[in-house]
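Heads up, the thing below is written out as C-alpha cells.
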There are 2 protein chains.
Amino acid sequence: MDSAQNNIYVDRFKDILKHEHFLLGIGEISKATGVSQRQLRYWEEKGYIKSEESKDDSKKCDHRHRKYSHFTFLKVSMIQSFINDGYTLNAAVQKTDAHSLLSKAVKQFLKERILDVTVVQNGYELDLGSIDGVPGKHVYAVIQKNANTKLILKDFV
Amino acid sequence: MDSAQNNIYVDRFKDILKHEHFLLGIGEISKATGVSQRQLRYWEEKGYIKSEESKDDSKKCDHRHRKYSHFTFLKVSMIQSFINDGYTLNAAVQKTDAHSLLSKAVKQFLKERILDVTVVQNGYELDLGSIDGVPGKHVYAVIQKNANTKLILKDFV
DNA sequence: CTTATTTGTCAATTAATTTGACAAAGAAAA
DNA sequence: TTTTCTTTGTCAAATTAATTGACAAATAAG
C-alpha cells in the first residue's frame, strides 16, 4: 500500500466513506439500542424521531417496513441513554436535540480530513493534513493494534 | 456545552460511539451497495463474506433472515467498487481482503482520540489530544458548516 | 386522586426473506 | 471454437418479520 497499490485502495475507501448511506430496519434498531419496537413506533408517532417513510411522502404506502438512518440510530441511542439515567422521554429528547449535529460533524471530519493512508507495523497511518501554524508538515494518526493511537507531525513533501 | 452541560452529552456520545454495534438486513445492504440479494447469498455461500448466522453456529436456525455487520457492509461496498472497474469477483475479494482492517483502524481512531467536544460558531471543536513533540498543547479539529474542517494547536490546561 | 403519557401484548394482515431449482450470461480452459 | 466452470437472474412455496389497531397496564403529571 506504500506505492502503486496505494491509490487503488485508498481512493475507493475514501469514496465509500464519503458516500455511504445505509438504512436500518426497526428490528435492528431495537436490538442495537434496547428500545422496543413499540417505543420506536410511539416516538415516531409523537414526532420525536423520523423514519424514511415519515420524511418522504412518496414512500407513505401503508404497511411498508420502517427504515431509519444511522443518524436516527444515534439519536435513539442517545435518548435511551438519558432515559436510563432517569430522564423522562420528553426531557431526553430535548437534551438529545440540543446537539443533534455533533454526529454529523464527526462524519464531516472523517470525510474531509482523511487525505491518505499508509501501512505501518500492525496498523495504519492516516494523513490528516496540515495544521495551523506549522507549515510544511502534516498531522498523522498512527493506529496500531494493541497500542494507543497517537498523533505525530511529519514533513509533508 | 461549554461548561456543566458538557459532560452530560459528550460522555454519552463517546460511549455510544465506542459501543455502537448494529446489524443490517440483506435488503438494506443490497439497496445501499447496489449488489443484488442473489449476489450477497452467493458470495456468502462461497465464503467471501459472512453474515452473523454463518459466523455463529447457535444462530444457524433455518429460514432466519441474514444480518450483516457494518464491517461487512464496507467490505461489500469495496468488492463492488472493484467489480465496477472490471475486476473479477475473485480478484475484487482479494484486493479487498488485503486491507480489511483499515475500516477498523478508523473506528479505533475515533474511539480513542475524541477526548472532548466544544460548541463553536456553526459547529463543533473536537479535542484530539496531544501530539508528539508538542508538550502542553492539544490538537483540535474545528468543524463548521460551510467551511473546511481545520486542525489547530491550542494550550491544554 | 385523577388524568395524561407511555409501553406491553395480542391478533390478523402485509411485507420481506429464505430455500431450492433451473436457466442464462460471463469467464476460463481445452 | 467448443467446453466447462463460475456467477447471476428469476420463479414459487414456505417462513420469518413488521404493520396496524385495539385494549390494558404501568408510569408520570396535575
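Scope of the values below: all heavy atoms of this structure, side chains included, with no hydrogens, waters or symmetry mates. As the structure is a computational prediction, the values presented were derived from the model and not from experiment. So you know, we letter chains A, B, ... as the sequences are listed, proteins then strands, and number each from 1.
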* Asked: Thinking salt bridges, do D116(A) and K14(A) make one under a 4.0 Å N-O criterion?
  -> no
* Give the ring-plane orientation class for F82(B) versus Y9(A), where under 30° counts as parallel, over 60° as perpendicular and anything between as tilted. => tilted
* State whether R66(B) places a side-chain N or O below 4.0 Å from either non-bridging phosphate oxygen (OP1 or OP2) of dT18(C). => yes
* **Contact nearer the 5' end of DNA chain D, comparing K67(B) with N90(B)** => N90(B)
* To do: Residues of residues 26-47 of chain B with any non-hydrogen atom less than 4.0 angstrom from an atom of DNA chain C: list those, numerically ordered, please.
  => I26(B), G27(B), Q37(B), R38(B), R41(B)
* Indicate, with yes or no, if the rings of F22(B) and F22(A) have centres closer together than 6.0 Å. => yes
* **Span of DNA chain D in contact with chain B (heavy atoms, under 4.0 Å)** => dT6(D) to dA17(D)
* **Pair R41(A) + E44(A), salt bridge at N-O below 4.0 Å** => no
* Distance from N122(A) atom CG to N146(A) atom CG, nearest 0.5 Å? -> 7.5 Å
* For the helix from dC1(C)-dG30(D) to dA30(C)-dT1(D), what is the angle between the axes at its two ends, each from 5 pairs, rounded to 10°? -> 50°
* Less than 4.0 Å between a side-chain N and a carboxylate O, is that true for E28(B) and K31(B)? -> no
* Any side-chain donor near an acceptor of the partner, S81(A) and R12(B), under 3.5 Å -> yes
* Spacing of NZ belonging to K154(B) relative to NE2 belonging to H138(B), to within rounding of 0.5 Å -> 11.5 Å
* Asked: Closest heavy-atom contact between S30(B) and S36(B)?
  -> OG-CA, 3.7 Å
* Structure fact -> To the nearest angstrom, the NE2-C1' distance between H65(B) and dT18(C) comes to 7 Å
* **Between CD1 on residue I131(B) and CG on residue L151(A), distance to nearest 0.5 Å** => 5.0 Å
* Figure out the CD/P separation between E53(B) and dT17(C), and round it to whole Å. => 13 Å
